[in-house]
Protein chains: 2
Amino acid sequence: MARRSDHTREELETLITDTAEQIVSAEGFAALTARRIAKDIGYTPGTLYNIFGSMDGIYLAVNVRTMDKLLEALARPESDAPNTPLEERLRIMAGLYMDFAHENKALWLMLFEYALTGEIDLPVWYQDKVQTLFAPLEDVLTPLFTGKEHSREHKMAARVLWSSVHGICLMRETGKIPLISGETPYAMSDYLIENFIKGLHDRAS
Amino acid sequence: MARRSDHTREELETLITDTAEQIVSAEGFAALTARRIAKDIGYTPGTLYNIFGSMDGIYLAVNVRTMDKLLEALARPESDAPNTPLEERLRIMAGLYMDFAHENKALWLMLFEYALTGEIDLPVWYQDKVQTLFAPLEDVLTPLFTGKEHSREHKMAARVLWSSVHGICLMRETGKIPLISGETPYAMSDYLIENFIKGLHDRAS
DNA sequence: ACTATCAATGAACGGTGTTCAATAACATGG
DNA sequence: CCATGTTATTGAACACCGTTCATTGATAGT
């Protein structure tokens with residue numbers, strides 16, 4: 001039996017989450033099992049259930065961490081240089097998103113595999129976390145939507161753009177919806193942003 | 001033992017696919033197991049493996065059928081009325097897509113759950129089937145891209161629009177990426193199409 | 001040192017996809 | 001009509017899965 005005070009409850013939480021994250025990164029979501037995590041940390045599955053209640057709890061913990069990393073990636077300074085045109089800021093941000101998804105493929109896919117699989121409602125704190133993902137995009141779009149009467153449209157534009165880039169990203173990472181030969185997802189997202197923003201400007205004038 | 005000539009091999013194929021489709025429709029992808037299908041059709045799991053080799057084969061068979069039904073739905077006459085402006089045709093088609101996803105939620109989700117889960121490459125005939133899904137959208141966009149030099153852009157526009165509507169649709173059906181309160185996915189897709197097409201027209205002029 | 005607490009265990013349960021020797025239903029030739 | 005060969009079908013078995021829970025044993029308090 002493992003020494004009872006080898007780790008505090010908090011230490012175990014992060015130890016389990018760390019290990020889970022590493023397994024997914026290296027071998028994909030399918031390799032993430034209770035027995036595997038337990039083996040890697042030198043405990044037994046029961047301990048995972050003391051801490052997280054179920055595998056779902058572990059999935060959520062890993063996903064929250066992935067969202068944090070994603071938010072960090074989107075805040076990279078390139079997109080914050082002053083005097084950068086709005087459209088280019090958007091292109092950079094979309095690029096950062098796609099880069100992140102590509103470099104953290106398994107973790108990024110897990111974000112949505114799990115969301116799709118689960119039939120039960122996600123906890124509110126998790127939903128709130130998801131909401132925060134839109135903030136960087138909304139910030140970039142702010143100049144286009146001054147005035148309170150455009151608040152709804154502002155939110156909508158952010159979500160529409162987000163969904164769209166996400167859809168393109170899914171094409172690339174799953175490889176199931178085939179890209180056009182020779183066409184990069186970056187070109188596709190640029191094309192989308194270019195025309196969508198052009199349309200938005202038309203409205204303003 | 002079931003009478004050996006109760007069903008031909010072909011009959012068994014469709015019988016299994018039918019049953020699998022029905023189980024997913026009624027109870028979701030998670031309820032689709034080999035033993036369950038076998039029980040429903042009065043055979044044993046082994047028979048499924050004689051016919052489809054593995055559960056993957058059954059997943060693919062169901063998905064192909066779903067894609068066929070989707071293609072059929074997208075070809076509904078509403079979108080073919082003459083003198084309909086291109087933008088409205090697009091809005092209708094996006095609406096038909098979202099309607100289909102909503103009315104066949106479990107089957108539609110299965111299309112992507114499976115694609116995400118599987119690590120192995122999909123068979124070519126399946127990839128070809130996926131390709132056909134873009135055709136209706138490409139057809140609608142044809143007037144915007146006359147001339148051979150725009151062939152690539154034509155394909156790209158279709159895929160970008162498709163991915164985008166798909167992303168919005170995912171928001172709605174999974175409920176994980178929250179929609180704005182009071183904003184329908186239809187409004188979002190309309191907003192996307194309106195501005196994207198406006199941008200495309202700018203280019204032309 | 002004794003005791004009460006409780007983290008950790010490991011066996012067990014009912015499920016999964018999958019394999020494969022045995023079987024039984026059929027088709028065929030004598 | 002029977003014997004034989006073929007093969008679809010079976011069901012037990014394997015290695016896994018998430019999850020539960022009585023038992024155990026390390027710890028902390030007295």
Side-chain angles (χ1 to χ4, degrees), chain A residues 1-17 19-20 23-24 27-63 106 110 113-120 122-123, chain B residues 1-17 19-20 23-24 27-63 106 110 113-120 122-123:
Chain A
M1 189 181 267
R3 293 270 83 71
R4 188 171 166 182
S5 49
D6 270 356
H7 305 95
T8 68
R9 193 182 175 87
E10 282 77 24
E11 280 171 344
L12 268 176
E13 272 179 32
T14 65
L15 183 58
I16 291 169
T17 313
T19 308
I23 292 170
V24 173
E27 299 167 44
F29 184 42
L32 186 65
T33 69
R35 287 170 177 85
R36 171 65 192 281
I37 300 173
K39 201 188 76 174
D40 284 10
I41 65 175
Y43 282 80
T44 55
T47 296
L48 306 189
Y49 283 82
N50 287 342
I51 306 283
F52 282 101
S54 76
M55 287 303 289
D56 280 3
I58 296 175
Y59 301 154
L60 293 181
V62 172
N63 280 348
M110 177 177 168
E113 286 179 41
Y114 175 64
L116 262 54
T117 300
E119 292 294 318
I120 324 153
L122 296 173
Chain B
M1 190 180 265
R3 292 271 83 72
R4 190 171 165 180
S5 51
D6 271 356
H7 305 96
T8 68
R9 194 182 173 86
E10 283 77 25
E11 281 171 342
L12 268 176
E13 273 179 32
T14 64
L15 183 57
I16 291 169
T17 312
T19 307
I23 292 171
V24 173
E27 300 166 45
F29 184 43
L32 187 66
T33 68
R35 286 171 178 84
R36 171 64 193 280
I37 299 173
K39 201 188 75 174
D40 284 11
I41 65 174
Y43 281 80
T44 54
T47 296
L48 306 190
Y49 282 82
N50 287 342
I51 307 282
F52 283 101
S54 74
M55 287 303 288
D56 280 4
I58 296 175
Y59 301 153
L60 293 181
V62 172
N63 281 348
M110 179 176 167
E113 285 178 42
Y114 175 65
L116 263 55
T117 300
E119 293 292 319
I120 325 153
L122 295 173

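Throughout, protein chains are lettered first and strands after them, A, B, ... in sequence-line order, and every chain is numbered starting at 1. Please read all numbers here as calculations on a predicted model, not as lab measurements.
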Touch check for A:Thr33, heavy atoms < 4.0 angstrom, all strands: base, sugar-phosphate only, or nothing? sugar-phosphate

Without decimals, in angstroms, what is the distance between B:Arg36 CZ and C:dT18 P? 18 Å

Counting just side-chain N and O atoms, does B:Ser54 come under 4.0 Å of either OP1 or OP2 of C:dG17? no

Looking at A:Glu10, is its backbone amide N or carbonyl O close enough to the side chain of A:Glu13 to form a donor-acceptor pair, meaning the two atoms are under 3.5 Å apart? no

Can you name the one residue among A:Leu12, A:Thr17, A:Leu15 that meets side-chain contact (heavy atoms from CB on, under 4.5 Å) with A:Ile51? A:Leu12

Quick one: label A:Leu12 by what it contacts on the DNA or RNA (base, sugar-phosphate, nothing), any heavy atom closer than 4.0 Å. sugar-phosphate

To the nearest angstrom, the CD1-C1' distance between A:Ile16 and C:dA8 comes to 12 Å

In terms of side-chain heavy atoms of A:Thr44, which of C:dT9, C:dT16, C:dT18 is nearest? C:dT9

For a quick check, tell me whether the side chain of B:Arg35 and the base of C:dG15 share a donor-acceptor pair closer than 3.5 Å. no

Between A:Leu32 and B:Pro45, just flag the one whose closest nucleotide in DNA chain D comes earlier from the 5' side. B:Pro45

What's the CZ-P distance between B:Phe52 and C:dG17, to the nearest Å? 15 Å

Classify the angle between the aromatic ring planes of A:Tyr43 and A:His7 as parallel (below 30°), tilted (30 to 60°) or perpendicular (above 60°). tilted

To the nearest 0.5 Å, what is the distance between OG1 on B:Thr19 and CZ on B:Arg36? 9.5 Å

Give the rounded distance in Å between these two atoms: NE2 of B:His7 and P of D:dT10. 11 Å

Closest heavy-atom contact between A:Arg9 and A:Asn50? NH2-O, 3.2 Å

Rounding to a whole Å, what distance do you find between B:Lys39:NZ and D:dG11:C1'? 17 Å

On DNA chain C, compare the nucleotides closest to B:Tyr49 and A:Ile51; which residue's is nearer the 5' end? A:Ile51

Taking atom P of D:dA8 as reference, at what distance in whole Å does atom OH of B:Tyr43 sit? 12 Å

Separation of C:dG17 atom P from B:Leu48 atom CG, nearest Å, is 9 Å

Heavy-atom nearest nucleotide on DNA chain D for A:Gly46 versus A:Ala34: which residue maps closer to 5'? A:Ala34

B:Arg9 has an atom CZ; how far is it from atom P of C:dA25, in whole Å? 21 Å

